[in-house]
Amino acid sequence: MKAGDEVSVFSDIEGKCKRGAKEFTGNKIFIGNGISELSRNEIFCCNNPVKGKGIKMTEPVYLSPSFDNVLSGYIFLQNLPSAVVSHVLNPQPGERILDMCAAPGGKTTHIATLMEDQGEVIALDKIASKVEKIKQNASVLKLKCIKAFCFNSTKAVRDQNCPDEQGDGPPFFPESFDRILLDAPCSGMGQRPNMVCPFSLKELTSYQPLQRKLFSAAVELLRPGGTLVYSTCTVTLSENEEQVAWALKTFPCLKLQPQEPHVGGEGMMGAELPPDQLKLLQRFDPSRVEFCSVDTNHCSAQPSDTIPLANKDTIGFFIARFLKAR
């Protein structure tokens with residue numbers, strides 16, 4: 001292969017193709033055709049890590065244009081459910097909102113925008129470089145109400161007996177937020193285009209305890225009458241519906257609430273949640289949707305017709321909305 005050659009691109013979904021192999025008969029998926037911008041020698045015989053564009057795609061399977069650096073001060077790209085979750089939280093101007101696991105700041109900035117940049121949005125993440133990314137995104141979008149801190153959200157609840165010395169940063173007193181978004185760390189099984197799962201079963205089951213620690217802190221930090229939204233970008237029952245069932249049993253003060261908008265499917269059976277509660281949950285799962293053709297511009301199109309379309313054209317995602325009783 002030389003620079004300028006026409007090439008076909010495949011994904012080695014089992015990770016078995018060896019570096020520099022001249023042929024591969026293993027399990028692979030076609031991604032598209034393109035023009036090589038580097039030669040084989042430049043890719044495999046370079047002493048330094050290869051960076052930059054390797055192939056310019058001319059016939060990609062997925063016809064998605066690049067929006068890198070396009071109207072960066074006006075547009076923030078998100079997957080559909082990532083945008084839906086901020087609307088489900090429904091933040092209002094003047095409120096105090098907590099985004100517990102905020103990096104890179106897409107939902108944080110969306111929340112601040114929905115609040116018309118009035119009030120206070122506290123964004124937490126335990127990795128310093130990611131917190132800087134939140135601050136950068138807030139600056140680019142000219143949002144002033146966001147305050148980002150490097151902090152472990154499992155420790156975000158402050159002891160009532162501690163002196164008030166650290167100002168407006170974490171940890172926080174109990175019942176000090178009007179609304180809380182817990183977009184929890186998860187196994188990420190809903191993300192795409194990952195075509196292979198590199199995690200062991202032990203890794204996949206390690207998230208549930210962490211999510212429950214974060215959830216417990218969120219309930220304590222939420223004011224009575226406040227809204228808590230729990231979301232993940234995974235499709236496992238243990239990190240979604242089972243967590244909802246656990247939360248309702250553990251915290252009698254919580255009650256599931258309807259979601260607006262509700263364009264995903266309902267919750268999955270298997271966590272001993274009754275049908276009426278499953279209908280209050282919102283699950284996006286492309287694998288469960290059969291191909292359909294709906295003209296949403298036609299006057300006879302029903303809102304329910306958009307649900308299969310929303311599921312089919314997005315990542316896997318889960319949303320639950322709770323109200324804390326007064």
Side-chain angles (χ1 to χ4, degrees), residues 72-158 164 166-185 211 214-233 257 259-261 317 319-324:
S72 57
Y74 300 90
I75 294 175
F76 194 102
L77 291 180
Q78 287 184 301
N79 290 299
L80 173 64
S82 298
V84 168
V85 74
S86 298
H87 286 283
V88 170
L89 185 66
N90 193 28
Q92 300 299 309
E95 291 183 330
R96 192 176 192 222
I97 312 294
L98 175 62
D99 189 350
M100 296 186 72
C101 305
K107 299 178 186 68
T108 306
T109 53
H110 191 193
I111 290 168
T113 302
L114 293 174
M115 295 169 62
E116 301 174 5
D117 204 21
Q118 299 175 29
E120 187 178 43
V121 180
I122 302 295
L124 303 182
D125 201 277
K126 66 178 183 179
I127 300 177
S129 60
K130 292 185 176 182
V131 173
E132 289 304 312
K133 186 65 176 178
I134 298 171
K135 293 179 179 179
Q136 178 185 342
N137 286 327
S139 176
V140 168
L141 295 170
K142 299 180 175 60
L143 296 167
K144 307 296 184 182
C145 72
I146 295 172
K147 297 179 181 179
F149 300 94
C150 184
F151 199 80
N152 183 348
S153 287
T154 63
K155 302 176 181 179
V157 182
R158 185 176 174 189
D164 188 5
Q166 82 280 357
D168 57 0
F172 306 104
F173 284 120
E175 300 184 356
S176 56
F177 291 93
D178 299 296
R179 300 174 196 263
I180 296 177
L181 172 61
L182 174 52
D183 186 44
Q211 292 161 353
L214 290 165
F215 202 105
S216 298
V219 174
E220 197 168 350
L221 289 169
L222 186 64
R223 289 174 179 154
T227 297
L228 168 61
V229 171
Y230 173 81
S231 63
T232 73
C233 59
Q257 294 290 294
Q259 300 182 36
E260 180 62 36
F317 206 87
I319 308 172
R321 185 175 189 263
F322 299 87
L323 177 72
K324 184 176 180 179

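Note that these values count all heavy atoms, side chains included, but never hydrogens, waters or copies made by symmetry. Please read all numbers here as calculations on a predicted model, not as lab measurements.
Put simply, the side chain of Pro185 reaches to within 4.5 Å of the side chain of Leu214, judged on heavy atoms. Taking the side chain as every heavy atom from C-beta outward, Thr227 and Gln257 never approach each other to under 4.5 Å.
Checking each of Leu143, Asp99, Ile97, Thr113 against Thr108 for a side-chain contact (heavy atoms from CB on, under 4.5 Å) leaves exactly one that passes, namely Asp99. Among Leu182, Leu124, Asp178, Leu181, the one residue that satisfies the side-chain contact (heavy atoms from CB on, under 4.5 Å) test with Leu98 is Leu124.
Checked against side chain to side chain contact (heavy atoms under 4.5 Å, CB included), Ala218 has the following partners two or more places apart in sequence or in another chain: Met100, Ile180, Leu228. Listed by chain and residue number, Phe172 satisfy the ring pair (Phe, Tyr, Trp, His ring centres under 6.0 Å) test with Phe177 (two or more places apart in sequence, or in another chain). Remark: Gln259 pairs with Gln282 by the side chain to side chain donor-acceptor pair (under 3.5 Å) rule, at least two apart or across chains.
Here the closest non-hydrogen pair linking Leu114 and His87 is CD2-CE1, 3.6 Å. Pairing each heavy atom of Phe76 with each of Gly105, the nearest pair is CZ-C, 4.4 Å. The two residues Phe317 and Ser231 make their nearest non-hydrogen contact at CE2-CB, 3.7 Å. The two residues Cys150 and Ile127 make their nearest non-hydrogen contact at SG-C, 4.0 Å. The shortest heavy-atom contact between Pro174 and Arg158 is CD-O, 3.7 Å. In terms of heavy atoms, Ala123 sits closest to Ile134 at CB-CG2, 4.1 Å.
For residues 103-118, the set of pairs meeting the salt bridge (charged side-chain N to carboxylate O under 4.0 Å, His left out) definition, not counting sequence neighbours, comprises Lys107-Asp183. Sequence neighbours left out, not one pair with a member in residues 130-139 passes side chain to side chain donor-acceptor pair (under 3.5 Å). Within the structure, side chain to side chain donor-acceptor pair (under 3.5 Å) pairs that include any residue of residues 88-97 comprise Asn90-Gln92, Glu95-Arg179, Arg96-Glu120 (at least two apart or interchain).
The main-chain N or O of Thr154 is found under 3.5 Å from a side-chain atom of Asn152 such that the two form a donor-acceptor pair.
The CG atom of Leu141 sits 10.5 Å away from the OH atom of Tyr74 when rounded to the nearest 0.5 Å.
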